Enquirer: 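The following block contains the structure, expressed as structure tokens.
The shown structure was predicted, so the numbers you read here are calculated from the model rather than taken from an experiment.
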Amino acid sequence: RSASGAPGTTPRTEAENNERREAKGEGTAYMDLLLIRHAQSENNLVWAHTGASVGRVPDPLLTPLGERQAAAVAQALAQGRYAAPPSVLYASLMSRAVLTAAPIAAALDLAMHGHPDLFEVGGPLDWSGHEDVPRRAHRGAGRASLRELSPRLVLPDDAGEHGWWDGPVEVETDVPARAHRVIDSVLARHGGTDAVVGLVTHGHFSQFLVRALLGIPTMTGWVDILNTSVSRFSDVDVPGRTAAAWINRVEHLLPDEVSD
């Protein structure tokens, strides 16, 4: 822990900061961020088979393929195949993200910190998948259920016994601000350190995180973010210097294990 109590960070001395300033130019902070999408979920499989959402569930678990994907990305990160692995790990409180982060946390011997703002666009939904049926908010999994998914999960205080979400169905116009909240919260905890922050999150929400990281206000296209893909952003805490080192790498998967 750092002096401020943030998990997984190692504060640098002023001499070390000076060396890095000289090596890389102005700025004193060099935090990297790894964006990791969750493994294939039961709802992903429904969509893959039908091209629709009918048959979805509010808080899906991983498929057998998803479990293999999660194990594969955990091993790849632990082996350093995606450069320096996470030194601190955050996960969405949706069960599919917690189940993806669990083998990563185990392989790296890290705590997994549940982040209340890393959820998928819209929030947890109680919805049949039929377009003519209104979407209703779902509470998400409760504390006991989430703890059963991984003993390494550290839950936020406001995650309740009956669910972690007490808001309405999220509207998409509110999502950019949430993405910036996530980045700001990570910078507040780990900026100014040599942390490599891993965020295990979701495909649609990743679009907004990429924009927030790179300062893109709006975008009409879509960035492919496959299940368990790894995207790396360097110097996240140096204004104007953040770079996407790579996006959507899945070399840890066999060709027939790739899914979206």
Enquirer: Just to verify, what does Ser185 make a side-chain hydrogen bond (donor to acceptor under 3.5 Å, both in side chains) with, not counting sequence neighbours?
Expert: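 Once residues adjacent in sequence are excluded, the partners of Ser185 under the side-chain hydrogen bond (donor to acceptor under 3.5 Å, both in side chains) criterion are His115.
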
Enquirer: Report the residues that fulfil salt bridge (Lys or Arg N to Asp or Glu O under 4.0 Å) with Arg178, sequence neighbours left out, ordered by chain and then residue number.
Expert: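 Result, salt bridge (Lys or Arg N to Asp or Glu O under 4.0 Å) vs Arg178: Glu170.
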
Enquirer: Who else is in the cluster with Val54 when I, L, V, M, F, W and Y are joined by side-chain contacts under 4.5 Å?
Expert: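 Via sub-4.5 Å side-chain contacts, Val54 links to none.
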
Enquirer: Starting from the C-alpha separation in whole Å, work towards a yes-or-no answer on side-chain contact (heavy atoms from CB on, under 4.5 Å) for Trp165 and Arg139.
Expert: CA-CA 5 Å; Trp165 177 249; Arg139 293 297 305 272; 5.6 Å; no

Enquirer: Taking atom types as modelled, find out whether His202 and Ser92 have a side-chain donor-acceptor pair closer than 3.5 angstrom.
Expert: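 Result is yes, a qualifying pair exists.
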
Enquirer: I'd like to check the salt bridge (Lys or Arg N to Asp or Glu O under 4.0 Å) partners of Glu131; sequence neighbours left out, ordered by chain and number.
Expert: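 Glu131: salt bridge (Lys or Arg N to Asp or Glu O under 4.0 Å) contacts with Arg135.
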
Enquirer: Is Asp224 close to Ile247 at the side-chain level, that is, under 4.5 Å between some pair of heavy atoms?
Expert: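 No, their side chains stay 4.5 Å or more apart.
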
Enquirer: Centre-to-centre under 6.0 Å for His190 and Tyr90, is that the case here?
Expert: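 They qualify: ring centres under 6.0 Å apart.
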
Enquirer: Tell me every residue that passes side chain to side chain contact (heavy atoms under 4.5 Å, CB included) with Pro85, counting only those two or more places apart in sequence or in another chain.
Expert: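 Expected list: Leu108.
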
Enquirer: Are more than 12 heavy atoms, taken from residues, nucleotides or ligands other than Asn248, located less than 6.0 Å from that residue's CG atom?
Expert: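 Atom CG in Asn248 is crowded, with more than 12 foreign heavy atoms closer than 6.0 Å.
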
Enquirer: Could you report the tightest heavy-atom contact between Gly167 and Ala137, atom names first, then the distance?
Expert: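 Scanning both residues completely, I find the closest heavy atoms to be O-CB, 3.4 Å.
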
Enquirer: Got a sec, which pairs hit side chain to side chain donor-acceptor pair (under 3.5 Å) with one end in residues 56-69, sequence neighbours left out?
Expert: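 Counting only pairs at least two positions apart or across chains, the side chain to side chain donor-acceptor pair (under 3.5 Å) contacts touching residues 56-69 are Gln40-Thr63, Asp59-Ser95, Gln69-Ser259.
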
Enquirer: Given the side-chain rings of His180 and Phe208, with only the six-membered ring counted for Trp, is the space between their centroids under 6.0 Å?
Expert: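 Ring centres of Phe208 and His180 not closer than 6.0 Å.
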
Enquirer: Could you list the residues that satisfy salt bridge (Lys or Arg N to Asp or Glu O under 4.0 Å) with Glu251, not counting sequence neighbours?
Expert: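 Listed in chain order: Arg249.
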
Enquirer: Hey, can you pull the donor-acceptor pairs under 3.5 Å for the side chains in residues 147-157, sequence neighbours left out?
Expert:
unit_1, atom_1, unit_2, atom_2, d
Ser150, OG, Arg152, N, 3.1
Arg152, NH1, Asp109, OD1, 3.2
Arg152, NH1, Leu110, O, 3.1
Arg152, NH2, Asp109, OD1, 3.3

Enquirer: Using the six-membered ring wherever Trp is involved, compare the ring planes of His252 and Tyr82 and label them parallel, tilted or perpendicular (cut-offs 30° and 60°).
Expert: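 Taking Tyr82 first and then His252, their aromatic rings stand perpendicular (interplane angle over 60°).
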
Enquirer: With sequence neighbours left out, write down each residue that passes salt bridge (Lys or Arg N to Asp or Glu O under 4.0 Å) with Asp126, or none if nothing qualifies.
Expert: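 Partners of Asp126 under the salt bridge (Lys or Arg N to Asp or Glu O under 4.0 Å) test: Arg136.
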
Enquirer: Looking at Leu118 and Ala91, what are the two nearest heavy atoms and their distance?
Expert: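 Scanning both residues completely, I find the closest heavy atoms to be CD1-C, 3.8 Å.
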
Enquirer: List for me each residue that meets side-chain hydrogen bond (donor to acceptor under 3.5 Å, both in side chains) alongside Ser231, sequence neighbours excluded, and say none if there are none.
Expert: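 In terms of side-chain hydrogen bond (donor to acceptor under 3.5 Å, both in side chains), with neighbours along the sequence ignored, Ser231 is linked to no residue.
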
Enquirer: Between Gly140 and Trp164, what is the shortest heavy-atom contact and its length?
Expert: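 Taking every non-hydrogen atom into account, CA-NE1, 3.7 Å.
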
Enquirer: Which Ile, Leu, Val, Met, Phe, Trp or Tyr residues join Leu253 in one cluster when any pair of side-chain heavy atoms under 4.5 Å counts as a link?
Expert: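 Result for Leu253 is Leu226, Val250, Val258.
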
Enquirer: Are His38 and Asn44 side-chain neighbours, meaning at least one heavy-atom pair lies under 4.5 Å?
Expert: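 Yes, side chains in contact.
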
Enquirer: For Phe233 and Val210, which heavy atoms make the closest approach, and how far apart are they?
Expert: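 Answer, listing the atom of Phe233 first, then Val210: CZ-CG2, 4.0 Å.
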
Enquirer: Linking Ile, Leu, Val, Met, Phe, Trp and Tyr by side-chain heavy atoms under 4.5 Å, what else ends up with Val133?
Expert: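 Reading the cluster by chain and number, Val133 sits alongside Leu125, Trp127, Val169.
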
Enquirer: Looking at every non-hydrogen atom in both residues, tell me the closest pair between Ser206 and Thr201 and how far apart they are.
Expert: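 That closest heavy-atom pairing would be OG-CG2, 3.7 Å.
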
Enquirer: Could Asp32 and Arg232 be called an ion pair, given the rule that one side-chain N must be under 4.0 Å from one carboxylate O?
Expert: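 So Asp32 pairs with Arg232 through a salt bridge.
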
